[in-house]
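Lettering follows sequence order; numbering is per chain, from 1. Not measured: the values here are computed from a predicted model.
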There are 2 protein chains.
Amino acid sequence: MAKDVSADNPLNEVGHSLTAAAPRRRLSYDERRAEFVSMAIEFFAQEGFESSTRGLARRLNVTQPLLYRYFPSKDDLIAEVYEAVYVQRWRDEWGRLLADRSRPVRDRMIEFYHAYTDAIFNDDWMRIFLFSGLKGVGIHGQYLGIVRERIIETMLTEMLHERGLAVAPLTEEEIEFGWTMHGGIFYYGVRMLIYKSSVLNNKTFVIESVVDSWLSQIDSIHARARARAEG
Amino acid sequence: MAKDVSADNPLNEVGHSLTAAAPRRRLSYDERRAEFVSMAIEFFAQEGFESSTRGLARRLNVTQPLLYRYFPSKDDLIAEVYEAVYVQRWRDEWGRLLADRSRPVRDRMIEFYHAYTDAIFNDDWMRIFLFSGLKGVGIHGQYLGIVRERIIETMLTEMLHERGLAVAPLTEEEIEFGWTMHGGIFYYGVRMLIYKSSVLNNKTFVIESVVDSWLSQIDSIHARARARAEG
DNA sequence: CTGGTTATTTATCGATTGAAAAATAACAAC
DNA sequence: GTTGTTATTTTTCAATCGATAAATAACCAG
């Protein structure tokens with residue numbers, strides 16, 4: 001009649017399946033909850049959001065139904081993962097840094113991209129960003145809107161201002177060209193962290209060369225776009 | 001006793017669940033197989049590779065076990081999807097185009113990126129590329145190796161040759177800088193097709209500005225990299 | 001030591017999954 | 001028409017999924 005000590009039992013690692021052996025630890029509500037969200041970020045980033053709540057529970061050394069004491073559904077847990085990754089890792093100071101006109105724009109851009117990539121060039125963030133992008137979840141689109149507004153458009157405005165060029169309104173061409181710079185740097189992170197390619201171990205080089213490359217063309221882009229807009 | 005006319009029945013669309021109503025068409029082995037692979041590309045691209053074989057069968061108006069007459073397992077079917085997307089859509093002429101020294105390198109690069117993005121800027125290719133990248137399947141890494149060899153390194157070699165600069169061996173910096181250009185263009189496709197962002201509807205502009213931006217910096221990159229390599 | 005609270009586990013449900021086996025029906029050859 | 005082949009469906013299975021309800025045990029207050 002051997003009790004079905006199933007895979008839900010967090011202690012069944014290598015066969016000693018006696019339920020008794022459990023030194024069951026008991027955490028406070030807040031501690032457990034924080035542990036669950038934190039571990040869920042890592043778990044879903046590695047395994048994908050289609051992975052089972054049982055797999056997550058196993059990694060937490062906890063039974064699967066316990067998750068449902070803290071989150072009403074798997075989707076709610078996933079929503080908290082998004083929140084933790086997208087919202088809590090965004091730094092408002094990035095926008096202020098880029099808008100600080102006491103410094104050359106090139107310096108600001110390079111410092112920004114160092115700080116920004118310090119925040120996003122890690123397995124958890126990158127993989128969750130791509131997973132959620134493929135799923136088309138709302139928060140991913142919102143995040144892109146913020147990047148456009150607070151980063152791409154700010155960099156353009158500041159650069160055009162510094163060079164004494166007409167700023168408003170920014171043209172679609174200028175913004176798109178901003179995205180290509182952003183994408184060049186982002187893709188470096190994708191190759192390094194998602195594709196596990198062997199990349200140049202020199203983030204500074206990548207940031208500076210992409211930024212300089214962008215700066216060398218922005219005047220020409222600006223002139224072309226304005227001519228087209230007026231002609 | 002109502003027979004369990006389950007979801008496996010391809011004719012159960014809107015309730016007329018009588019099994020009799022089937023005008024069952026019967027295709028040859030090769031036709032069916034081709035249809036399955038072709039539809040599986042679209043299906044898995046949209047729904048992800050975790051989606052069920054029943055979902056795929058439903059879309060094919062066919063029962064789910066029929067799939068197993070043509071493919072021994074779901075993984076084998078997925079492998080054929082990869083094959084069809086990665087191998088069959090690659091054009092060997094791209095390499096020849098880039099190496100044609102009767103034309104200016106800039107022209108070749110721009111023409112190449114037009115042709116290349118014509119091939120890959122579609123939902124199926126882009127989504128399957130990202131899905132497989134996140135899963136870390138072998139063929140994805142192999143594909144990146146080919147892109148590096150046949151595209152990135154070729155463009156660099158040709159450009160340095162045209163400008164009378166030392167070509168061999170290419171430095172890591174030069175190659176990484178090549179990837180940032182590639183990534184800038186690729187990211188344009190990701191924003192358009194994966195993220196469904198509203199992007200500038202002018203692929204020519206994106207390609208030309210990224211290529212020109214890259215060309216304007218490659219001399220400086222080259223000089224810096226060589227100095228570092230020798231110093 | 002006792003009683004109440006609650007974090008945690010045990011047990012279980014219905015739905016869905018990939019897959020196999022057996023039954024059926026479409027088509028070709030004669 | 002009859003027969004043989006095989007494409008297709010029907011039926012079914014064990015495993016796994018998200019989720020619920022009930023039992024249990026750890027901790028705190030008195």
Go nucleotide by nucleotide along DNA chain C from the 5' end; which of B:G55 and A:L66 gets its closest nucleotide reached first? A:L66

Can a side chain N or O of B:Y70 be found less than 4.0 Å away from OP1 or OP2 on D:dA7? no

I need the residues from residues 40-50 of chain B with at least one non-hydrogen atom less than 4.0 Å from DNA chain C; give them sorted by number, or say none. none

Give one of base, sugar-phosphate or nothing for B:S28, where a contact means two heavy atoms less than 4.0 Å apart. nothing

Just how far, in rounded Å, is P of D:dC27 from CG of A:D30? 17 Å

Have B:H182 and B:Y113 got a donor and an acceptor in their side chains that come within less than 3.5 Å? yes

Nearest to the A:K74 side chain among D:dT10, C:dT8, D:dG18, which nucleotide is it? D:dG18

Nearest-angstrom distance from the residue atom CD of A:Q64 to P of C:dT12: 15 Å

Quick one: which of C:dT10, C:dA7, D:dT9 gets closest to the side chain of A:Y29? C:dA7

Hey, is B:R108 close enough to B:E111 for a salt bridge, meaning N to O under 4.0 Å? no

Is there a donor-acceptor contact under 3.5 Å linking the side chains of A:Y86 and A:S132? yes

Whole-Å distance separating the CG atom of A:L56 from the C1' atom of D:dG18: 13 Å

Atom CG of A:D75 to atom P of D:dC17: distance rounded to whole Å? 16 Å

Which part of the nucleic acid, if any, lies within contact of A:F71, taking any heavy atom under 4.0 Å across all strands shown: a base, the sugar-phosphate backbone alone, or nothing? nothing

Any ion pair linking B:R191 and A:E176 (charged N to carboxylate O, less than 4.0 Å)? yes

Whether B:R127 side chain and A:L134 backbone form a donor-acceptor pair below 3.5 Å: yes

Taking CG from B:L77 and C1' from C:dT17, how many angstroms apart are they, rounded to a whole number? 15 Å

Quick one: A:L67 CG to D:dC17 P, roughly how many Å, whole number? 13 Å

Sorted by chain and number, sequence neighbours left out, salt bridge (charged side-chain N to carboxylate O under 4.0 Å, His left out) with A:K74 holds for none

Quick check on DNA chain D: between A:Y68 and B:F36, whose nearest nucleotide comes earlier from the 5' end? B:F36

Under 4.0 Å between a side-chain nitrogen and a carboxylate oxygen: does that hold for B:K135 and A:E47? no

Please confirm whether the backbone N or O of A:S28 pairs with a side-chain atom of A:E31, one donor and one acceptor, at under 3.5 Å? yes

For A:N201, is the CG atom crowded, meaning more than 12 foreign heavy atoms sit under 6.0 Å from it? no

For A:R69 and A:T53, take the nucleotide of DNA chain D holding the closest heavy atom to each; which residue's nucleotide lies nearer the 5' end? A:T53

Any idea which of D:dT11, D:dT8, C:dT8 is nearest the A:L27 side chain? C:dT8

In A:E174, A:E173, A:E172, the residue satisfying side-chain contact (heavy atoms from CB on, under 4.5 Å) with A:L170 is A:E174

Please check the phosphate of D:dT8 (OP1 and OP2 only) for any side-chain N or O of B:T63 closer than 4.0 Å. no

Taking only side-chain N and O atoms of A:R32, does any of them lie within less than 4.0 angstrom of OP1 or OP2 on C:dT8? yes

N/O to N/O distances under 3.5 Å, protein versus nucleotides 13-16 of chain C:
none

